[in-house]
Amino acid sequence: MSSELETRITENYTAVTDRIHQSAQRANRDPATVKLVAVTKTWPIDYLLAAYHVGMRDFGENRADELARKRGAMFDELGSKAANITWHQIGTLQSRKTGLIADNADVFHALDRLKIAQRLSRQLVENGRLLPIFLEVNLSGEASKAGFNATTWENDATQRQKLRTEIETIAQLPGLQIQGLMTMAPWGAAEDDLRDVFRRTRLLAEWLQANIPTATMTQLSMGMTDDFEIAIEEGATHVRVGRALFGTRTTK
Ligand SMILES: *Cc1c(COP(=O)(O)O)cnc(C)c1O
């Protein structure tokens, strides 16, 4: 059964995957190395079901309770087929919400402080689970952005060493598997500035990889509706796209 909603989401999905392929090709990258995380935050379950039927299997939510609720609802709707879905927590966490993520998320993109890492680690060990994580880094200096401070990492040895020490500590915590870095580009910035943030994030991941033998830094979660093509050209392995797939959100 194909609804109007499914038709619209199919068209959007085709357009987004085409754009992903084209930007990967421009950068001489294999498009299969870029994962599209469909950001379903605020949308009701019929949107997620339509996305599932169109072929999407990676869903991103920015609130832990919404992720947990929708994961349960998709099991109710799809039964065991829902186990094919990978649930990405893309927003930062408050410490009282870590349990929901230790129980329900398959990937966490926005680890932004040690305290959250320690709580998650304890809860994951209790659950006997391993959670792939991205460390969120703030390179733009925008005060509204979360993340480990990396605004001037290239020129500031103190900032660089602090980052390195914190990540070394997180790399030793059981239950957490560091995959790489996540960043958010500054709102409404010019293309050159966006590109700069993405490129600097990739170089930071390379620096950390070279300097922290215990951490894997091969994945980069960066790029959203307005900037995912630039992010792919600069090395993104995960793009988190909402509006281009589902339309403009009316609530946050
Ligand atoms: C909402 C959100 C996105 C997706 O944003 P769009 O502009 O709708 O593509 C990506 N990442 C995070 C962390 C978000 O909160």
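When a ligand or atom number is given, it counts from 1 through the structure's own listing order.
Residue-ligand proximity: M184 is placed with a non-hydrogen atom under 4.0 Å from ligand 1.
Annotation: atom 12 (C) of ligand 1 to nearest protein heavy atom, I90 CD1, 3.4 Å. Nearest non-hydrogen protein atom to atom 1 (C) of ligand 1 is K41 NZ, 1.5 Å. The nearest protein atom to atom 7 (O) of ligand 1, hydrogens excluded, is given as R243 NH2, 2.7 Å; this is a heavy-atom distance. Scanning all protein heavy atoms for the shortest distance to atom 4 (C) of ligand 1 gives R240 O, 3.5 Å. Regarding atom 5 (O) of ligand 1, its nearest protein heavy-atom neighbour is M224 CE, 3.5 Å.
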*From CA spacing to verdict: side chain to side chain donor-acceptor pair (under 3.5 Å), T151, Q159*: CA-CA 9 Å; T151 47; Q159 187 180 86; 3.3 Å; yes
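Under a 3.5 Å cut-off, the side chain of R243 and the backbone N or O of R249 do not form any donor-acceptor pair. Under a 3.5 Å cut-off, the side chain of S121 and the backbone N or O of A117 do not form any donor-acceptor pair.
R129 has a carboxylate O that lies under 4.0 Å from a charged side-chain N of D106, or vice versa, which qualifies the two as a salt bridge.
When only modelled atom types and interatomic distance are considered, E136 and T92 share no side-chain donor-acceptor pair under 3.5 Å.
The atoms of ligand 1 that sit less than 4.0 Å from any heavy atom of T225 are 6 (P), 7 (O), 8 (O), 9 (O). Here is the list of ligand 1 atoms found below 4.0 Å of a heavy atom in G242: 4 (C), 6 (P), 8 (O), 9 (O). Taking a cut-off of under 4.0 Å to the non-hydrogen atoms of V241, the atoms of ligand 1 that pass are 9 (O).
Relative to the six-membered ring of F148, R113 misses at least one condition, a distance below 6.0 Å or an angle of at most 45° to the axis.
Applying the side-chain hydrogen bond (donor to acceptor under 3.5 Å, both in side chains) test between N104 and each of K70, R71, E61 identifies R71 as the sole match.
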